[in-house]
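The next block holds one structure in the form of structure tokens; read it before the comments.
Because only heavy atoms are used, hydrogens play no part in the values below, and waters and symmetry mates are left out as well, while side chains stay in. Residue indices begin at 1 and follow the sequence shown.
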Amino acid sequence: MKGMRFAFLCREKPEPTGKKVAIIGAGPAGLSAAGYLVCHGHEVHVYDKLPEPGGLMLFGIPEFRIPIYRVRKGYEELENVFEVKFFPKTKVAFGNGEEEGDEFVENIVNFNELVEKYDAVLIATGTWESWMPNIEGIELDGVYPALDYLFKIKSAKLGHMSWDKVPPIDGKRVMVVGAGHTAVDAAMESLLLGAEKVYMSYRRTIREAPAGAYEINLLKQRGVKWLELTVPVRIIGEHGKVIAIELQKCKLGEPDESGRRRPIPIEGSNFQIDVDYVVFAVGQRPTPPFAEDVGIAVDKKGRIVVDSRHMTSREGVFAAGDVVIGPSKVGRAVLDGLLAAESMHMWLLGR
């Protein structure tokens, strides 16, 4: 039973350098950076709002993609062999920013105070805010951002949340909107939890689906009803609960700024499907650990701006992973964390 090795550059703890580093976020970027830094003799403290390290690898991505024990073995090695100090259920913040996954927070640490306390800081807080469309019925009971939906399921599977806080999916009809990996995961988890019917609505065709045709076809083989070239226009409720969704058919027009052909709604093509849950997997926003100005530049998409060394506009504060590059795959976040850690190490020595 092999775990993930985050400290793959060494087998035991090297001589200490006397430098102390804080990492905010214990997802793939934060853990890989921690592994690199401890192998170079730095003392590492990791702050994370969740009840255990792993980030979306544990709390968002289903177990059929990343087995739970592998992540746990990986961070346990960091803790037991390399003396990385983890501060779970601890949110680092400045200003008042609320996002998904905050349910477990017991301590709040001020971002500026943290920066003062350490020789260097790495921000690796990811993308914990789901984008939700502004349509009628979005506030109904039974409408979920995919991240929140998966987060509740995984928290229960990990033993951190009771199952009565999870939407009772068994025997119900679920509509997933989107066609990226998060949408695929939400559809698959719904099937595994016994949903009677799972639909997927996507505004383009299977050829443009970000998760790829292979993943979508696997779901279709398992009985998921694939509705391409459709967009949700409203969610219909009764007594405050979802009972149906209204979709509109569309066709593909000229390419937009993303280079993909723009979906154009077809008038008079609306139709309804009876569902119990609607899960939106249409994008996530980066969630830096500050809601107000702390002297760190972010771009118009909310991503932290870094230079070639992964340093932010504030000296000694670095950033890596999805909070910098936007929602990505685990491998990309791991690599970004390693590159940032390498720069931090050089900077700490040069100082």
Side-chain angles (χ1 to χ4, degrees), residues 3-11 13-14 17 19-48 53-58 60-61 66 70-71 74-75 77-78 82 84 86 92 111 114-115 118-128 181 284-290 294-299 301-351:
M4 288 183 168
R5 288 210 69 224
F6 297 108
F8 59 85
L9 291 170
C10 60
R11 284 278 168 198
K13 202 168 173 252
T17 60
K19 301 283 186 195
K20 261 168 82 166
V21 176
I23 295 175
I24 310 167
L31 291 176
S32 63
Y36 184 97
L37 291 164
V38 290
C39 281
H40 287 84
H42 307 299
E43 186 181 338
V44 177
H45 294 180
V46 182
Y47 294 81
D48 194 272
L56 285 178
M57 290 188 293
L58 277 188
I61 297 170
I66 300 178
R70 289 194 61 207
V71 183
Y75 77 67
E77 182 191 32
L78 286 179
F82 297 99
V84 170
F86 287 104
V92 176
F111 175 76
L114 192 82
V115 174
Y118 290 89
D119 295 303
V121 172
L122 175 67
I123 301 170
T125 46
T127 48
W128 281 88
H181 280 100
Q284 283 144 241
R285 291 191 189 94
T287 43
F290 43 84
V294 290
I296 291 175
V298 294
D299 69 12
K301 288 184 171 176
R303 298 173 298 197
I304 294 178
V305 178
V306 295
D307 64 15
S308 60
R309 303 167 299 164
H310 278 80
M311 200 186 290
T312 66
S313 51
R314 193 161 161 182
E315 186 75 13
V317 179
F318 298 77
D322 290 6
V323 77
V324 173
I325 53 185
S328 68
K329 292 185 176 169
V330 169
R332 175 96 196 271
V334 165
L335 176 64
D336 210 54
L338 285 173
L339 294 171
E342 186 181 27
S343 294
M344 289 173 81
H345 171 57
M346 302 305 282
W347 184 79
L348 285 163
L349 291 191
R351 221 170 105 179

*Is the shortest heavy-atom distance from the side chain of His42 to the side chain of Thr17 under 4.5 Å?*
yes

_Could you check whether any side-chain N or O of Thr312 sits under 3.5 Å from a backbone N or O of Val305, counting only pairs where one atom can act as donor and the other as acceptor?_
no

*Using atom types as modelled and distance alone, determine if a side-chain donor or acceptor of Ser32 lies under 3.5 Å from a backbone N or O of Val334.*
yes

*Ala124 and Gly30: which non-hydrogen atoms are nearest, and at how many Å?*
CB-N, 3.8 Å

_Straight-line distance of Tyr75 OH to Met57 CE, nearest 0.5 Å_ = 10.5 Å

*Report yes if the side chains of Val323 and Thr287 come closer than 4.5 Å at any heavy-atom pair, otherwise no.*
no

*Under 3.5 Å donor-acceptor, Arg314 side chain and Val294 backbone*: yes

*Any side-chain heavy atom of Leu114 sitting closer than 4.5 Å to one from Ile24?*
yes

*What distance separates Leu122 CG from Tyr47 OH, expressed to the nearest 0.5 Å?*
13.5 Å

*Grab the two heavy atoms, one from Pro286 and one from Gly302, that are nearest each other, plus how far apart they are.*
CB-O, 3.5 Å

*asked:* Tell me the closest heavy-atom pair linking Ala33 and Gly337, and the distance in Å.
replied: CB-O, 3.5 Å

*With the side chain counted from C-beta on, respond yes when Phe290 and Val92 share a heavy-atom pair under 4.5 Å apart, and no when they do not.*
no

*Is Lys13 positioned over the aromatic face of Phe82, cation under 6.0 angstrom from the ring centre and no more than 45 degrees off axis?*
no

_Please check: side-chain N/O of Ser343 versus main-chain N/O of His310, any donor-acceptor pairing under 3.5 Å?_
no

*Closest non-hydrogen atom pair, Ser313 against Gly295*: OG-O, 3.1 Å

*Nearest 0.5 Å please: distance from the NE2 atom of His45 over to the CD1 atom of Ile23.*
10.5 Å

*Check: Ile304 and Ile296 side chains under 4.5 Å, non-hydrogen atoms*: yes

*Distance from Gln284 atom CD to Leu56 atom CG, nearest 0.5 Å?*
7.0 Å

*Hey, is the main chain of Tyr36 close enough, under 3.5 Å, to the side chain of His40 for a donor-acceptor pair?*
yes

*Establish, from distance only, whether the side-chain atoms of Glu315 and Trp347 form a donor-acceptor pair under 3.5 Å.*
yes

*Could you tell me whether the side chain of Asp119 and the main chain of Lys20 form a donor-acceptor pair under 3.5 Å?*
yes

*For the residue pair Met311 and Val317, establish whether any side-chain heavy-atom pair is separated by less than 4.5 Å.*
no

*After noting the C-alpha distance and the side-chain angles of Val21 and Met344, does the key distance pass the side-chain contact (heavy atoms from CB on, under 4.5 Å) rule?*
CA-CA 9 Å; Val21 176; Met344 289 173 81; 3.5 Å; yes

*Between Glu77 and Arg5, is there a salt bridge with N-O shorter than 4.0 Å?*
yes

*Hey, mind stepping through Val298 and Arg303 against side-chain contact (heavy atoms from CB on, under 4.5 Å) and telling me if it holds?*
CA-CA 5 Å; Val298 294; Arg303 298 173 298 197; over 6 Å; no

*Should Asp48 and Pro53 count as side-chain neighbours, where that means a heavy-atom distance under 4.5 Å?*
no

*Less than 4.5 Å apart, any side-chain heavy atom of Asp322 and any of Trp128?*
no

*Quick one: do Asp299 and Lys301 make a salt bridge, cutoff under 4.0 Å?*
no

*If every non-hydrogen atom of Ser328 is compared with every non-hydrogen atom of Ala333, which pair is closest and at what distance?*
OG-N, 4.0 Å

*Search all heavy atoms of Pro289 against all heavy atoms of Ile123 and return the closest pair with its distance.*
CD-CG2, 3.4 Å

